[in-house]
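Excluded from the calculations below are hydrogen atoms, water molecules and symmetry mates; all remaining heavy atoms, backbone and side chain alike, are included. One is the number of the first residue; the rest follow in order along the sequence. All values derive from a computational prediction rather than experimental measurement.
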Amino acid sequence: MPAPSAAVIYDVGPTRAYPAIGDVPWEMLAAGDSVRIHWRPEPYHEKWVICVRGTADLPVTVSGILGPDGQRPVIDGRNAVTRSKLDYWNEPRGIVKIGGANVPSDVMPAYVTIENLEIRSGRSPYAYTGRRGEKHYANNAAAIFIEKGEHITVRNCVLSDCGNGLFCASKTSDLIVEYCIIRDNGMENRIYEHNSYTESRGILFQFNQFGPLRKGCLGNNLKDRSSGTVIRYNRIEDGNRQLDLVDSNHEEQLTDPAYRNTFVYGNILIEGDGEGNSQIVHYGGDSRDLSRNRKGMLYFYNNTVISTRTDQTTLFRLSSNDESADIRNNIFYVTQPGDSLSVSNSAGNIRLIRNWLKAGWIPGRTNLIGRISNEVNIGGTDPGFRDVKSGDFTLSSASPCLNAGSDLSLNADDHLVRLEP
């Protein structure tokens, strides 16, 4: 459906109507408008805020127009400059910010899409020039910082070399992150910055590639405090933990019934040797207030988990016995002998159904205070991957895992596994 005549298209780039991103009147954006940033050989060293309400029929889009070889336009935060007419707080927290401004007028952003951009290098000690002159980014600056917003989509972007690749705060709802590459973020010797750090009322991660953090950085790969979390069809590699699904401190999430149900399916999770924590997934909470823990069900199914650690690998840490996990139809493969693989760190109620595990696996490495129900799982020494060394984890025709899964839990019927991309 074509945009109505009132909608405006702002074309940015060499020979375009707006040579620089800062030439766009961001303070005047309205529903249906599009900003199209055209690829050029050199990066755009600019930063800005988006504070506008689109609608389902008239979304606001900020799109990269790819180069001749499919290159995304690059937005580089180093020495970036902000349009002088923009006035917004938390400038040190991000390169592209959604929500929270004086100019444009502060509204709850809605139906905003950012797509096809490479956004990089927003972190300490890099500097930028904003409304108050030259300043340095905060340690926790993000490539995309969502302070608030409804129905926000981040699609086909590369987010790297920042404190956090993606960050969203608790006033966010219905966030979709898809087809992105998020890697090489974090701060050296710090545990507080991550490739992705989110807290939204409703969030979907799908078809993304999460790579290792920057060398010497101690954060997690995907850390999430949201309600209604769905993580599906992603490749998530390395980090202190691949998934850190912990508690919120905000009513928007805590009072949402979806806070108690988390769905993780169809992903490839890879733990490399020498990574930080030996735990793959943490579910529950990481604060001292246990009342805020998720205290619900982690539905974890049809995933492939690979660990090449030369010491122990622990699949799940549930924060307390109030947390539960329904674990079915997964492949859990370690390159070390099976007794290096433990299912539980200690607490929680775990139900194992029709998973493939390396023969010799053990229930728990430390004092097991939770419960593990082991129901008709299969195992052996080889799950039948086509080529582990090259990273091809598809199954050969001789794999014992083919057609060996069970039906899903009744509560997961709204999240069926797609057999084709």
Side-chain angles (χ1 to χ4, degrees), residues 191 194 197 199 218-231 236 239-249 253-254 256-265 267 269 271 275-301 303 305 307 309 311-330 332 334 338-355 357-358 360-377 379 409 411-412:
I191 63 173
H194 316 280
Y197 195 2
E199 187 169 11
L218 306 179
N220 296 301
N221 210 321
L222 191 162
K223 187 179 183 84
D224 178 69
R225 301 182 183 275
S226 302
S227 60
T229 302
V230 178
I231 301 168
I236 304 174
N240 184 51
R241 293 188 183 97
Q242 282 69 49
L243 298 178
D244 200 35
L245 311 175
V246 288
D247 55 320
S248 175
N249 190 30
Q253 287 72 36
L254 293 172
D256 183 358
Y259 183 61
R260 307 298 179 192
N261 293 315
T262 301
F263 296 89
V264 178
Y265 58 96
N267 303 281
L269 307 180
E271 170 85 359
E275 287 298 312
N277 201 303
S278 65
Q279 301 159 8
I280 305 297
V281 179
H282 179 202
Y283 172 78
D286 63 359
S287 70
R288 295 182 179 180
D289 185 353
L290 299 183
S291 69
R292 295 181 353 211
N293 279 14
R294 294 189 182 231
K295 294 188 178 183
M297 181 68 74
L298 168 64
Y299 296 95
F300 190 95
Y301 52 96
N303 300 286
V305 178
S307 174
R309 296 183 71 96
D311 55 1
Q312 289 77 38
T313 299
T314 301
L315 296 176
F316 299 98
R317 177 188 174 187
L318 275 57
S319 296
S320 76
N321 283 341
D322 291 329
E323 272 77 41
S324 299
D326 186 297
I327 312 297
R328 64 179 75 199
N329 303 348
N330 303 284
F332 298 117
V334 294
D339 61 1
S340 69
L341 174 65
S342 57
V343 171
S344 173
N345 180 64
S346 178
N349 300 297
I350 295 177
R351 187 180 182 192
L352 291 173
I353 306 173
R354 301 298 294 180
N355 303 283
L357 301 100
K358 189 77 171 281
W361 64 275
I362 60 177
R365 182 75 46 194
T366 57
N367 180 32
L368 188 62
I369 63 172
R371 179 175 177 270
I372 297 178
S373 171
N374 181 10
E375 304 177 28
V376 201
N377 292 282
S409 164
N411 293 326

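- By the side chain to side chain donor-acceptor pair (under 3.5 Å) test, Asn277 is found to be paired with no residue, residues two or more places apart in sequence or in another chain being considered.
- Aromatic ring centres of Tyr283 and Phe300: separated by at least 6.0 Å.
- One finds a salt bridge joining Arg294 and Asp224 here, because a Lys/Arg side-chain nitrogen approaches an Asp/Glu carboxylate oxygen to under 4.0 Å.
- Leu318 and Ala325 get closest at one heavy-atom pair: CD2-N, 4.0 Å.
- When side chains are defined from C-beta on, Val281 counts as touching Leu298, because their heavy atoms get closer than 4.5 Å.
- Between Val246 and His282, some side-chain heavy-atom pair lies under the 4.5 Å cut-off.
- Scanning all heavy atoms of the two residues, the minimum distance from Leu368 to Ser346 falls at CD1-O, 3.2 Å.
- Residues Ser248 and Leu254 come closest through the heavy atom pair O-CD2, 3.7 Å.
- Remark: the Arg225 side chain and the Tyr197 side chain contain an N/O donor-acceptor pair separated by less than 3.5 Å.
- Remark: the Gln312 side chain and the Ser278 side chain contain no N/O donor-acceptor pair separated by less than 3.5 Å.
- Heavy atoms only, all atoms of each residue included: Tyr259 and Ser226 are closest at CD1-O, 3.8 Å.
- Judged by distance alone, with hydrogens and angles left aside, the side-chain atoms of Asn303 form a donor-acceptor pair with the main-chain N or O of Asn267 at under 3.5 Å.
- A side-chain donor-acceptor contact under 3.5 Å links Asp247 to the backbone of Asp286.
- With hydrogens and angles disregarded, a donor-acceptor distance shorter than 3.5 Å links the side chain of Asn321 to the backbone of Ile369.
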| Stepwise, does the side chain to side chain contact (heavy atoms under 4.5 Å, CB included) test hold for Asn249 with Arg292? | CA-CA 7 Å; Asn249 190 30; Arg292 295 181 353 211; 3.1 Å; yes

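- Between Met297 and Asp326, the shortest heavy-atom distance links the atoms SD-N, 3.4 Å.
- Within the 4.5 Å cutoff, no side-chain heavy atoms of Asn411 are placed close to those of Asn261.
- When all heavy atoms of Arg365 and Asp339 are compared, the pair lying nearest together is NH2-O, 3.1 Å.
- Looking at heavy atoms from C-beta onward, Pro363 lies out of side-chain contact with Val343 at the 4.5 angstrom threshold.
- Residues Glu275 and Asn221 fail the side-chain proximity criterion, which asks for heavy atoms closer than 4.5 Å.
- At a threshold of 4.5 Å between non-hydrogen side-chain atoms, the residues Asn355 and Asn330 count as touching.
- At most 12 non-hydrogen atoms from other residues, nucleotides or ligands lie less than 6.0 angstrom from CZ of Arg371.
- Residues Val305 and Thr313 are not in side-chain contact: their nearest non-hydrogen atoms beyond the backbone lie 4.5 Å or more apart.
- Between the His194 side chain and the Asn220 main chain, a donor and an acceptor come within less than 3.5 Å of each other.
- Counting only heavy atoms from C-beta outward, the side chains of Asn374 and Trp361 approach each other to under 4.5 Å.
- Counting only distance, with no hydrogens or angles, the side chain of Ser319 and the backbone of Gly285 share a donor-acceptor pair below 3.5 Å.
- In this structure, Phe316 and Phe332 have perpendicular ring planes: the angle between them is above 60°, well past the 30° mark.
- Applying the side chain to side chain donor-acceptor pair (under 3.5 Å) criterion to Asn367, with sequence neighbours excluded, gives no partner residue.
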